[in-house]
Amino acid sequence: MNYWLFKSEPSDYSFNDFISDKETCWEGIRNYQARNFIRDDIKKNDKVLFYHSNISEPHLIGLAKVVREAYPDHYSWDKTHKYYDPKSLPENPRWFMVDIKAAKKLKRIVYLKEIKKEPKLSEMILLNNSRLSIQPVKKHEWDLIIKMSNS
DNA sequence: GCCAACGTTGGC
DNA sequence: GCCAACGTTGGC
C-alpha cells in the first residue's frame with residue numbers, strides 16, 4: 001500500500017465539501033507528472049492526505065482512501081467544461097482520474113509551517129516541488145504526520 | 001496581490 | 001531540439 005498527498009484549494013473544493021460528498025472523482029489533473037501517478041501508481045486502498053493549498057496558512061486537514069483506480073477523465077472530452085482538452089480523445093485519453101472516499105478529519109490540523117520545522121520531513125515533495133498537486137508520501141513521513149496530528 | 005519557480009507551447 | 005514567451009501554481 002502506498003501513501004499520497006492530494007492538494008485542493010478550499011475555495012474550489014474543501015475537505016468539508018468532500019466530507020459531505022463522502023466520495024469524489026479527482027478530476028482536472030492536467031500535469032503529466034501527476035497524471036502518471038494517477039494512471040500508473042495509485043492503487044485501490046492507498047491512503048491519501050488531503051491538503052488545503054493557496055491560502056494564508058496552508059495545511060493538512062484530513063484523510064481519504066482510494067476506492068477506484070485510474071479511468072479516463074471524461075471532463076477532458078466535454079467542450080463546455082473548463083477541463084476540456086481538445087487533444088484528449090475518448091479513443092486515446094490523455095487524462096485520468098481516481099475516486100477517493102473521505103475517511104476522517106485529522107484530530108488536529110497540521111500546518112505547512114510545522115512541516116517545514118521538522119527535519120525528518122525536509123525531503124517531502126511538498127517542500128521541494130511546491131507545484132505538484134498529487135505526490136507520493138513516504139511511510140515514515142506519513143507516520144510522523146499522523147503522530148503530529150494526534151498530539 | 002505579488003512574484004518565483006516551474007511546466008508547456010510553438011517558432012525557428 | 002533549442003529556447004523565449006507565456007501560463008499556472010501556490011507560498012507569502
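Quick note on labels: first sequence line is chain A, next is B, and so on, each numbered from 1.
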Electrostatic pair A/Lys113:A/Glu57 at N-O distance under 4.0 angstrom: yes
Quick one: are the ring centres of A/Phe37 and A/Trp4 less than 6.0 Å apart? yes
Interatomic distance, A/Ile55 CD1 vs B/dG1 C1' [rounded to whole Å]: 17 Å
If you take any heavy atom closer than 4.0 Å to DNA chain C, which residues from residues 111-127 of chain A end up in contact? A/Leu112, A/Lys116
With no hydrogens and no angle check, do the side chains of A/Ser14 and A/Asp17 hold a donor and an acceptor under 3.5 Å apart? yes
Round to the nearest Å and state the distance from A/Asp12 atom CG to C/dG10 atom P. 11 Å
For the atom pair CD (A/Glu141) and CG (A/Leu121), what is the distance rounded to the nearest 0.5 Å? 6.0 Å
Do A/Tyr111 and A/Ile125 belong together in a cluster built from hydrophobic side chains that touch within less than 4.5 Å? yes
So, does A/Lys7 get its side chain near the phosphate of C/dT9, meaning an N or O under 4.0 Å from OP1 or OP2? no
Toward the 5' end of DNA chain B, which comes first, A/Tyr32 or A/Asn54, by nearest nucleotide? A/Asn54
Would you please classify the geometry between the A/Trp26 ring and the A/Phe6 ring as parallel, tilted or perpendicular, with 30° and 60° separating the classes? tilted
Send over the distance from A/Tyr51 OH to C/dT9 P, rounded to a whole Å. 15 Å
Once each nucleotide of nucleotides 2-8 of chain C is scored for protein heavy atoms under 4.0 Å, what B/S/- sequence comes out, 5' to 3'? -----BB
Once the angle between the rings of A/Phe50 and A/Phe15 is folded into 0 to 90°, is it parallel (under 30°), tilted (30 to 60°) or perpendicular (over 60°)? perpendicular
Non-neighbouring partners of A/Arg108 that pass salt bridge (charged side-chain N to carboxylate O under 4.0 Å, His left out), sequence neighbours left out: A/Glu114
